Every structure is written in C-alpha cells, then in structure tokens.
Amino acid sequence: MFWVAEPMPRTDENGTMTTLDSTAMLAKLVAFDTTSRNSNLELMAFVRQYLTSHGIASELVYDEAGQKANLFATIGPADKPGLILSGHTDVVPVDGQDWVTDPFALTAKAGLLHGRGTCDMKGFVAVILALVPEIAKLPLAAPVHLALSYDEEVGCVGVRGLIAKLAGRQATPFACVVGEPTEMKVIRAHKGKISLRAQVRGFECHSSLAPRGVNAIEYAAALIVKLNEIGARIAAEGPFDAEFDIPYTTVHTGVIGGGTALNIVPRDCWFDFEFRHLPAHDPDTLLDELKGYAAGELVPRMHAVDRGTGIAFQDLTSFPGLATDDAAPVIALAKSASGRNSSSKVAFGTEAGLFSAAGIPTVVCGPGSIDQAHKPNEFVAAEQIAQCEQFVRRMVESACVRR
Ligand SMILES: [Zn+2]
C-alpha cells in the first residue's frame, strides 16, 4: 500500500497553469469533505481557480442559504449547442462505517483507489477536470460544458437550480453525460422515485382505555400494509420492463417513529416511504390509491372516535426516471466512445432524468461500480479511470471537434 501524497501542482513556463492527472485530481477532490450536510464551496473555489488558470470562466449557482453551489463552465463556442459532462460533488456520510483507511485521503492499493466518493462520483469529476487542459487546446466546433452539482445524494436537489438556468439559454445542449458509476457501461434508462412522509395523528389516552383512543401506530401500520399490498400486486401483475434488474416498480417503507410509552395509546406516528418506478409507470396513480384508502377507509374510523385525528402526507424528494431512446444520437455517441455495442437500464436514480426532462438527450456512463458506492472502503479501479479518460476524449472528439 502507498499513500498518494498531496499532489504537487505542475506549473508551465509562465508560472500560472496547473495540470494534474486524473488520480492527482481525484486525491484533491476526495480531500474536501463534501458530505451532503457540509458546504461544498471550498471544493468549488479550488475548481474555479483551476479552471481560471486555464483561461476558462465558470459561474456558480448557489443554494438559498449561499452555503452550497453548482458550477457551470463552458469550453469553446458558448453560443452553439454543446455537450454537457456532469457530476455531483457531494458524497454520502462515513458515519458509523468501518473504514480501513482515512476516507478523505485517497489511498491506492493493488490498482484500486480508495476514498469516499472515489466511485460515486468524484472519479468522473476528476477525469473531466484533468482533461480540461487537453480539451481547451482542441479546435472545438461545439462547446464542452462542465456541470458540477451539490446535494445529489439527498434527492437530486442541487442540480435543479443549474438546469433552470440552462433553460434560459438559446443554445440547448445536444447531449449530456452523467458520470455516475456504471463500470463504463452505457445506460439509457433508469427508474424514477417519489418519496413521502406519512404523518398519522391519533388520540391519546391511558392504554387500559384503549378503545377510547385512536392508536396512531396501528393506523400507520394499516397504511404500511396497504403499501405492501400495492407492491405485491405490481410485482405479480406489472407493468414490467425486463431490461431492469428489478423489472417492475417497487414500494418500500424505510423509517418509522411513534409512541412514547407502552401504557399510552400513541398520539403520533410517522413513517417515510418511496416508490421507485419504471420511467413509463406513473407513481401518482399508486399514491392516489394509498391516499384514497387513507381518506376512504381509515380516517372515517379515526374520526368516529375523535375529530382531531387524521392522516397527512408530506412530499420528501422525487426525481423523474430516464428513458432515452436507444436510437438517440447521444446513445450512439456513447456506445462508440466506450467501444460497446449495447446500452442498458439500471434501477438507481441519477440527475440524468432531470437533464432529460429539460429536453437535453442524456446518457449515464461513468467509472466504478454502484456496488462500491455508499459503502465503507469505497474505491474505483485505476483501470476504470483510464477507460473513462479514453471515453471522454472520444466523446469530445466525435461530438465537438471541428472537422
Ligand atoms: Zn452519485
């Protein structure tokens, strides 16, 4: 094992330009603890300074609190439709995970680069940044845009502000690559997600008088059973899409809380649930079914005991599915750049559905495997980084370079 030392910036003759190879750039990015709850502004300041040293202007699109930002930069003729290379800068927490190495210090071991975010997805971000000096020297007929976001891991929140800004420009990009870990496979479709919190308000009383109360936990349980029934029905009856590893829409309850003591009929219970839906399966119809059951079956029974009871639903996060046509030029470009002759579909969500919904043909392709994402001792293989470099070079060459 060796530790990748703090990378030494290389400077050219005029003493300004910094170049870093992908691994050195990745070491830099990993060292910023950009867990979603933290600010990412230090990382963005580093990226801006780096881009500036190559004569590339960039802009930041901040969140409401001014603590986080997206970055958008353009290399080449900004007035023409171009290619977006996109990645998120936030990472999931390391809390409670058993790491062998320091998660915020890139560590190379037997061809694997370990560190939080190496696979999801600072590896891709490092590659596109490391290639900036090379891309900037190309005779570009179409621009290459870099789009770096915040708060992807908490529901694709940050990138929405950036996409809204893009919509105002005259030249809609003709293609977007979201570099989430796909082992460099070309992914043309992924599921969408809606997630909600159900809040059940019951009526408290001593548990010896239980029938005079409204037990919030028991009504929450009835809702969860209903969700389970909906999920089982979809699993049995579809709709199906065999190209997804789980070929149908899934339903899941993930967190629950309620009650205060065993001898009190609980007044409150809440739980969080989600639908991970096929791109063509409208999750609102499923949600309406659940809400109809709550309003039609459960609430009348609750109100019969006390009118102050009820069930409320609060939206948490959602993002659309991705369903780019296999025949779309962006897929052909990505297949040719990655040397593959097929594209596929995955269950996990990305920002790609949002770019696609904004009218930008989008593909997901990036280094590393989703199997390593979010886990302790996360890594990306150096060989994947090398493949990604070749992919980005070929993408830019065939989509943007003047001939
Ligand atoms: Zn990711």
Side-chain angles (χ1 to χ4, degrees), residues 22 25-26 29-30 32-38 40 43-44 47 68-71 84-95 97 103-104 106 113-129 146-163 176-193 195 245 274 276 316-322 334 344-356 362-381 384-385 387-388 391-392:
S22 296
M25 181 62 81
L26 182 55
L29 299 179
V30 165
F32 294 100
D33 177 0
T34 50
T35 305
S36 307
R37 63 183 170 232
N38 299 337
N40 71 343
L43 182 150
M44 288 308 197
V47 173
K68 298 175 185 177
N70 301 297
L71 179 146
I84 299 180
L85 302 173
S86 169
H88 62 83
T89 60
D90 61 319
V91 296
V92 295
V94 297
D95 308 344
Q97 294 188 337
F104 300 107
L106 188 72
L113 303 166
H114 291 270
R116 172 52 86 224
T118 46
C119 137
D120 187 10
M121 58 177 286
K122 288 178 173 174
F124 180 78
V125 175
V127 167
I128 61 179
L129 289 175
L146 308 182
L148 306 182
S149 67
Y150 65 91
D151 277 1
E152 188 273 347
E153 296 290 3
V154 291
C156 300
V157 174
V159 76
R160 292 164 206 255
L162 191 151
I163 291 173
C176 173
V177 177
V178 174
E180 288 281 354
T182 67
E183 298 173 278
M184 299 310 301
K185 291 182 186 125
V186 176
I187 302 300
R188 72 178 190 278
H190 66 65
K191 288 184 177 178
K193 176 177 107 164
S195 66
D245 46 3
E274 66 177 25
R276 297 263 181 176
L316 296 176
T317 59
S318 65
F319 53 77
L322 174 71
S344 48
K345 305 182 178 184
V346 292
F348 64 88
T350 77
E351 295 169 334
L354 290 162
F355 280 106
S356 180
T362 301
V363 64
V364 186
C365 185
S369 163
I370 197 73
D371 289 345
Q372 274 90 52
H374 299 199
K375 286 188 182 163
N377 308 308
E378 177 180 349
F379 66 83
V380 67
Q384 285 280 303
I385 294 291
Q387 271 192 45
C388 184
F391 169 78
V392 173

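Indexing begins at 1, ligand by ligand and atom by atom, following the structure's order. Keep in mind that this is a model prediction, so the values were computed, not measured.
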J.: Could I get the full list of ring pair (Phe, Tyr, Trp, His ring centres under 6.0 Å) partners for F355, not counting sequence neighbours?
T.: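 Expected list: none.
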J.: Tell me every residue that passes salt bridge (charged side-chain N to carboxylate O under 4.0 Å, His left out) with K191, counting only those two or more places apart in sequence or in another chain.
T.: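 Listed in chain order: nothing, the list is empty.
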J.: Indicate the atoms forming the closest heavy-atom contact of D90 with S36, along with that distance.
T.: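 Heavy-atom minimum between the residues: OD2-OG, 2.8 Å.
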J.: Drop me the distance from L148's CG to M121's CE, to the nearest 0.5 angstrom.
T.: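 So the gap between those two atoms works out to 8.5 Å.
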J.: Using salt bridge (charged side-chain N to carboxylate O under 4.0 Å, His left out) as the criterion, list what pairs up with D95, not counting sequence neighbours.
T.: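 D95 satisfies salt bridge (charged side-chain N to carboxylate O under 4.0 Å, His left out) with R37 only.
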J.: May I ask you to list the protein N, O or S atoms found at less than 2.8 Å from the Zn ion (ligand 1)?
T.: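 Within the sphere that stays under 2.8 Å of the Zn ion (ligand 1), the protein atoms of type N, O or S are H88 NE2, D120 OD1, E180 OE1, E180 OE2.
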J.: Any side-chain donor paired with an acceptor under 3.5 Å for E180 and H88?
T.: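 Their side chains do contain a donor-acceptor pair, which is all the 3.5 Å distance test asks for.
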